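Taking it in order: structure first as structure tokens, then the write-up.
As the structure lists them, so they are numbered: ligands from 1, and atoms in each ligand from 1. Only a predicted model underlies this, so the values are computations on that prediction, with no experimental measurement involved. Numbering of residues begins at 1 and proceeds along the displayed sequence.
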Amino acid sequence: MNTFKSISGTFDILPDEYSAGGDTIAPSRTWRHLEAVVHSVMLQFGAEEIRTPILEPTELIARGIGALTDIVTKEMFAFERGSTHYVMRPEVTAPVMRAYLQHNMVQRGGTQRLYYVGPCFRAERPQKGRYRQFHQFGLEVIGAEDARADAEVILSLRNILEALGLKQYTLRLNSLGDEESRPAFKAALVEYLTPLADQLSDISRKRLETNPLRILDTKNEKERVLLEKAPLLSDFIDEASRVHHEQVKGLLSDVGIDFVEDPFLVRGLDYYSRTAFEFESPLLGAQSSIAGGGRYDLLSKEVGSKQAVPAVGFAAGMERILLACAAEEVAQPAAPHVDVFIVALGDPAITWAFWAGERLRQAGLRVTYDLKGRSMKAQMREANRQQARFVAIVGEDELAAGSVQLKNMETGEQHPVRLEDIATSVNA
Ligand code: HAM
């Protein structure tokens, strides 16, 4: 019988690093380190954690993301049960806005800074740095129109990347203007590109009808040349958005954040207005975007709010950040040590080790032992694999004497120690 394998585009996170589909999958402790950095930086910004379900009503995503964007048309894991349409969340911004509205969080007062860490699902073709189940952390600042909210979102992400030790990334920034700027620009772009349609790739020709702004993302050289003479979004930006954009840029400069202005940056999701940004790593090949975000003042109404709720946020791809850390050879946390490995010889000692191990854990130590009743040599090998700092050897003689032979694995020194003195010796 064939053994089962994880589904293409998904992966296991193991205690050890390994290679899958050309990518290196970081060990679980490295993921935990990344999560710890996220929690700690978010705490510094006064952000509070929110956890939303993996399953959401499809209509939330279809509406929130825009009915014809790529995510909705082909990138969702969606299904029906009875009369309910379920989608496995492809992102967390629309779910957070849903939760904010559902729980009337405006009542808590002030601005809500809500952050999250968790899996997302997109039915994209898997490739290096692109998965079907991937993980995001992100921050949504809800209820603030002020440019400081936009800048703060970018700053918190910069601080996380810095705390991780990442150096090589670029921030691309653009303003998409208000509710009217985009449709006006979209119309001008379509007018410019329609006569050139036969020179476009199949996918761009399709996008000309469904989601023309995505054509600006093209990596196709021929299309990039065509776009050189295309109308510029910046010429369609309203005055208030222009002022807001200048403020955001000023605030970023105040805290030493470099950015590149990119008039072609429109982002894949179409709920954005005003600020849009992306962090890229030059070391990741085609899937270079490690994080993205922007302002989405229009989303709340799209998901059913009577009032517009100003909001801005980012989400970062954790796999890509870890790949960038590996590519930059950023130091990763070492495997944790076991304090004491009990090498037990003979049945009475094996029974004793189970009980004594727990005594030592109660004293605050990390303790383990072999579960197979193997030879002394095999147990010592296991102790080495677990990088034990000390080995406590116990056989019949030691049991009779009421002590163990405590061996310091670094120095090789060994001497008898009573059970109640082990913690003191180990911590000395
Ligand atoms: P997004 O650009 O679709 O934005 O995704 C954010 C990040 O998630 C990307 O920059 C990338 O690192 C990672 N990512 C996306 N798809 C995949 C995939 N298939 N495999 C691996 N990583 C992936 C959003 O999701 C918005 N919700 C961001 C946002 C928050 N806007 C406002 N607030």
Side-chain angles (χ1 to χ4, degrees), residues 8-11 20-21 23 25 34 47 50 52 56 60-61 64-66 69-72 74-77 88-98 100 112-142 144 149-150 152-154 156-157 160-161 166 169-172 176 214 217 265-281 283-300 303 309-325:
S8 163
T10 73
F11 55 86
D23 275 356
I25 308 296
L34 169 55
I50 183 164
T52 63
E56 289 282 356
L60 169 75
I61 304 299
I65 293 183
T69 61
D70 282 351
I71 286 191
V72 176
K74 64 171 202 289
E75 295 177 359
M76 286 199 307
F77 284 107
M88 294 174 74
R89 65 180 191 194
E91 59 112 40
V92 197
T93 306
V96 169
M97 181 54 86
R98 175 199 51 67
Y100 173 89
Q112 307 303 312
R113 293 178 173 87
L114 301 170
Y115 80 95
Y116 48 84
V117 182
C120 294
F121 304 83
R122 295 185 191 178
E124 302 177 288
R125 192 172 52 80
Q127 62 183 82
K128 196 173 162 48
R130 193 161 81 179
Y131 310 92
R132 297 191 141 186
Q133 173 169 349
F134 62 101
H135 300 77
Q136 285 190 344
F137 65 83
L139 169 67
E140 312 295 348
V141 176
I142 305 185
D150 307 49
E152 185 181 294
V153 155
I154 293 174
S156 66
L157 176 55
I160 288 171
L161 300 181
L166 275 179
Y169 54 84
T170 312
L171 165 60
R172 294 193 297 131
L176 305 178
R214 277 306 298 275
D217 282 341
L265 178 74
V266 291
R267 310 258 316 119
L269 309 165
D270 79 354
Y271 47 54
Y272 295 107
S273 54
R274 297 198 167 171
T275 308
F277 61 87
E278 231 161 84
F279 280 75
E280 284 183 348
S281 162
L283 307 171
L284 296 185
Q287 305 304 317
S288 59
S289 166
I290 53 176
R295 182 163 276 286
Y296 51 96
D297 296 346
L298 310 174
L299 177 66
S300 62
V303 301
V309 183
V312 57
F314 79 81
M318 296 173 75
E319 288 76 8
R320 293 188 194 170
I321 285 184
L322 292 176
L323 287 172
C325 285

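- Relative ring orientation between Phe137 and Phe314 is described as perpendicular, the plane-to-plane angle rising above 60° on a 0-90° scale split at 30° and 60°.
- For Ile290, every heavy-atom contact with ligand 1 shorter than 4.0 Å involves the backbone, none the side chain.
- Residues Leu161 and Ile290 form a side-chain contact, since some pair of their non-hydrogen atoms from C-beta on lies under 4.5 Å apart.
- Each of the atoms 29 (C), 31 (N) of ligand 1 lies under 4.0 Å from some heavy atom of Gly293.
- At a heavy-atom distance under 4.0 Å, only backbone atoms of Ala291 (N, CA, C or O) approach ligand 1.
- Residue Arg132 does not touch ligand 1, judged by heavy-atom distances below 4.0 Å.
- Legend: residues meeting side-chain hydrogen bond (donor to acceptor under 3.5 Å, both in side chains) with Thr275, ordered by chain and number and at least two apart, are Asp150.
- Under a 4.0 Å heavy-atom criterion, Glu319 is not in contact with ligand 1.
- For ligand 1, the polar-atom distance check finds an N/O of Gly317 within less than 3.5 Å of one of the ligand's N/O atoms.
- The aromatic rings of Tyr271 and Tyr296 lie tilted to each other, with the angle between the two planes from 30° to 60°.
- For ligand 1, the atoms sitting less than 4.0 Å from at least one non-hydrogen atom of Gly292 are 10 (O), 28 (C), 29 (C), numbered in the order shown with element in parentheses.
- From Arg122, atom CZ reaches atom CE of Met76 across 11.5 Å, with rounding to the nearest 0.5 Å.
- Looking at Tyr272, Phe121, Tyr296 and measuring to atom 28 (C) of ligand 1, the nearest heavy atom belongs to Tyr272.
- Within the model, atoms OH of Tyr131 and CD of Gln287 stand 9.5 Å from one another, a figure rounded to the nearest 0.5 Å.
- Separation of atoms CZ (Arg130) and CG (Leu284) is listed at 14.0 Å; rounding is to 0.5 Å.
- For the residue pair Leu157 and Ala291, the shortest heavy atom distance occurs at CD2-CB, 3.5 Å.
- Residue Arg320 touches ligand 1 through its side chain alone, judged by heavy-atom distances below 4.0 Å.
- Interface of Thr93 with ligand 1, defined as ligand atoms under 4.0 Å from a residue heavy atom, comprises 26 (C), 27 (N), 29 (C), 30 (C), 31 (N), 32 (C), 33 (N).
- Looking at Gln136 against ligand 1, only its side chain comes within 4.0 Å, counting heavy atoms.
- If you number the atoms of ligand 1 from 1 as listed, the ones under 4.0 Å from a heavy atom of Glu140 come out as 30 (C), 32 (C), 33 (N).
- For Ser8, the side chain to side chain contact (heavy atoms under 4.5 Å, CB included) partners are Pro126, not counting sequence neighbours.
- In the vicinity of Gly129, heavy-atom distances shorter than 4.0 Å reach the ligand 1 atoms 20 (N), 21 (C).
- By the 4.5 Å heavy-atom criterion applied to side chains, Phe277 and Leu171 are counted as neighbours.
- With a 4.0 Å heavy-atom cut-off, ligand 1 is reached by the side chain of Tyr271 but not by its N, CA, C or O.
- The part of Phe134 lying near ligand 1 is the side chain, judged by heavy-atom distances below 4.0 Å.
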